[in-house]
Asker: 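Next up is a structure, given as structure tokens.
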Number of protein chains: 2
Amino acid sequence: MSVTTDRLRDLIETTVGELPPLTVELVRDLDIPEHMAIAEVAALTGVTAHTLRYYERIGLVEVARDAAGRRVYDRDAVGRVVFVTRLRDSDMPIAAIQRYVALVKQGPSTEPERLALLEAHRDDILNRLRDLQGALAVVDYKITTYGGACGS
Amino acid sequence: MSVTTDRLRDLIETTVGELPPLTVELVRDLDIPEHMAIAEVAALTGVTAHTLRYYERIGLVEVARDAAGRRVYDRDAVGRVVFVTRLRDSDMPIAAIQRYVALVKQGPSTEPERLALLEAHRDDILNRLRDLQGALAVVDYKITTYGGACGS
DNA sequence: CCTTGCCTTCGAGCGCGCTCGAAGCCCTAC
DNA sequence: GTAGGGCTTCGAGCGCGCTCGAAGGCAAGG
């Protein structure tokens, strides 16, 4: 495991400068092994093995098994994990991600609905960005004017 | 209650153009009544009365009582509610806010620690902003290239 | 007087997203 | 052969931040 993981880290570090953020594109372009064990995926993505199993359980990723019943992540599965992680990073609810991947599984006819889902989420992200910038302004104000009391 | 609340809405709407976002400065500058009932504060801030009670319970706001034992929010208390709401909006954990207000209560000698707390939170916000922008890029990419599959 | 309605306290419950532990299988190394 | 480590499934538990309901008080209006 650690051999493969180290190889992955080397790959990434020689491809780009730093380890995170692990983008979807990076994973796609990377010379990632065709098959990875759960611990390798965990090390690569920063998602714990427990959480990877959970994601599979609730239908966010499909993962094949080897003869002994162990999970085998192929490149698609790893890409899916990274994609899901990105969506979670932006606070997309699990239920919405479930809906999205269910639509993907149902085939191309669901593309309009997927698109709508993504656009709705895009709006959520933009709202969140505005909230954060507002909060940042408040905190910055507090920091720069420290000593002034005002409602704190 | 609704009379006062309507007056508040009018005040805000004539002061600025729209209702939210309710900033700390706005509240300070606003001609807000000296004393407000919990329902008024709820209507003004968008925080439910239940949550306002909860915030008081856990020490985020101190609120006086009238003769009948009902909460009376003065301007400071309203300002505090708005400030706390801002911090929560930026995902500052309740525990950190508790720590902060505890420091405020302890007097000016704690200002360095407060400042450190705020600066740490500022870093959190900046990280969060970067995450969100990364996720936004992914979602935007998905939206614009829709039809391309790739790890979705 | 009695209803209406907002207020009070207290404690329990909930939804989300993990997170963990138990019990057991399989493979490798010694 | 056996010890170790990593994997499996399953189901329960947890931490956070509310959220709610019950039971009752007080004040104003009809």
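Being a predicted model, the structure only gives us computed values, none of them experimental. In the text below, chain A, chain B and the rest are named by the order of the sequence lines, each starting its count at 1.
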Asker: Specify the separation, in whole Å, of atom CD1 of Ile58(A) and atom C1' of dG11(D).
Answerer: 16 Å

Asker: Would you call Arg80(B)-Glu62(B) a salt bridge at under 4.0 Å N-O?
Answerer: no

Asker: Using atom types as modelled and distance alone, determine if a side-chain donor or acceptor of Thr144(B) lies under 3.5 Å from a backbone N or O of Asp140(B).
Answerer: yes

Asker: Of the residues in residues 122-136 of chain B, which ones touch DNA chain D at a heavy-atom distance under 4.0 Å?
Answerer: none

Asker: Is there a side-chain contact between Tyr73(A) and Glu34(A), using heavy atoms and a 4.5 Å cut-off?
Answerer: no

Asker: Please list residues of residues 61-71 of chain A whose heavy atoms come under 4.0 Å from any atom in DNA chain D, ordered by number; otherwise none.
Answerer: Arg65(A), Gly69(A), Arg70(A), Arg71(A)

Asker: Minimum heavy-atom separation for Ile125(B) to Leu132(A), with atom names?
Answerer: CG2-O, 3.8 Å

Asker: Quick one: list whatever passes salt bridge (charged side-chain N to carboxylate O under 4.0 Å, His left out) with Arg70(A), sequence neighbours left out.
Answerer: Asp66(A)

Asker: Walk me through it: do Thr45(A) and Val82(A) pass the test side-chain contact (heavy atoms from CB on, under 4.5 Å)?
Answerer: CA-CA 7 Å; Thr45(A) 62; Val82(A) 172; 4.1 Å; yes

Asker: Could you list, one pair per line, each protein nitrogen or oxygen that sits under 3.5 Å from a nitrogen or oxygen of nucleotides 17-21 of chain C, together with the distance?
Answerer:
| unit_1 | atom_1 | unit_2 | atom_2 | d |
| --- | --- | --- | --- | --- |
| dG17(C) | OP1 | Ile94(A) | N | 3.4 |
| dG17(C) | OP2 | Ile94(A) | N | 3.4 |
| dC18(C) | OP2 | Tyr55(A) | OH | 3.1 |
| dC18(C) | OP2 | Arg88(A) | NE | 2.7 |
| dC18(C) | OP2 | Arg88(A) | NH2 | 3.4 |
| dT19(C) | O4 | Arg57(A) | NH2 | 3.3 |

Asker: After noting the C-alpha distance and the side-chain angles of Asn127(A) and Arg130(A), does the key distance pass the side-chain contact (heavy atoms from CB on, under 4.5 Å) rule?
Answerer: CA-CA 5 Å; Asn127(A) 286 334; Arg130(A) 272 199 289 94; 2.7 Å; yes

Asker: Sequence neighbours excluded and cut-off under 3.5 Å, please list the side-chain donor-acceptor pairs for residues 89-96 of chain A, or say none.
Answerer:
| unit_1 | atom_1 | unit_2 | atom_2 | d |
| --- | --- | --- | --- | --- |
| Ser90(A) | OG | Arg86(A) | O | 3.4 |
| Ser90(A) | OG | Leu87(A) | O | 2.8 |
| Ser90(A) | OG | His121(A) | NE2 | 2.9 |
| Asp91(A) | OD1 | Arg128(B) | NH2 | 3.4 |
| Asp91(A) | OD2 | Arg128(B) | NH2 | 2.9 |

Asker: Holding to salt bridge (charged side-chain N to carboxylate O under 4.0 Å, His left out), I want the full list of residues that pass it with Arg99(B), two or more places apart in sequence or in another chain.
Answerer: Glu113(B)

Asker: In whole angstrom, what separates Leu52(B)'s CG from dT8(C)'s C1'?
Answerer: 14 Å

Asker: Could you give the distance from CZ (Arg71(B)) to CD (Glu56(B)), rounded to the nearest 0.5 Å?
Answerer: 4.5 Å

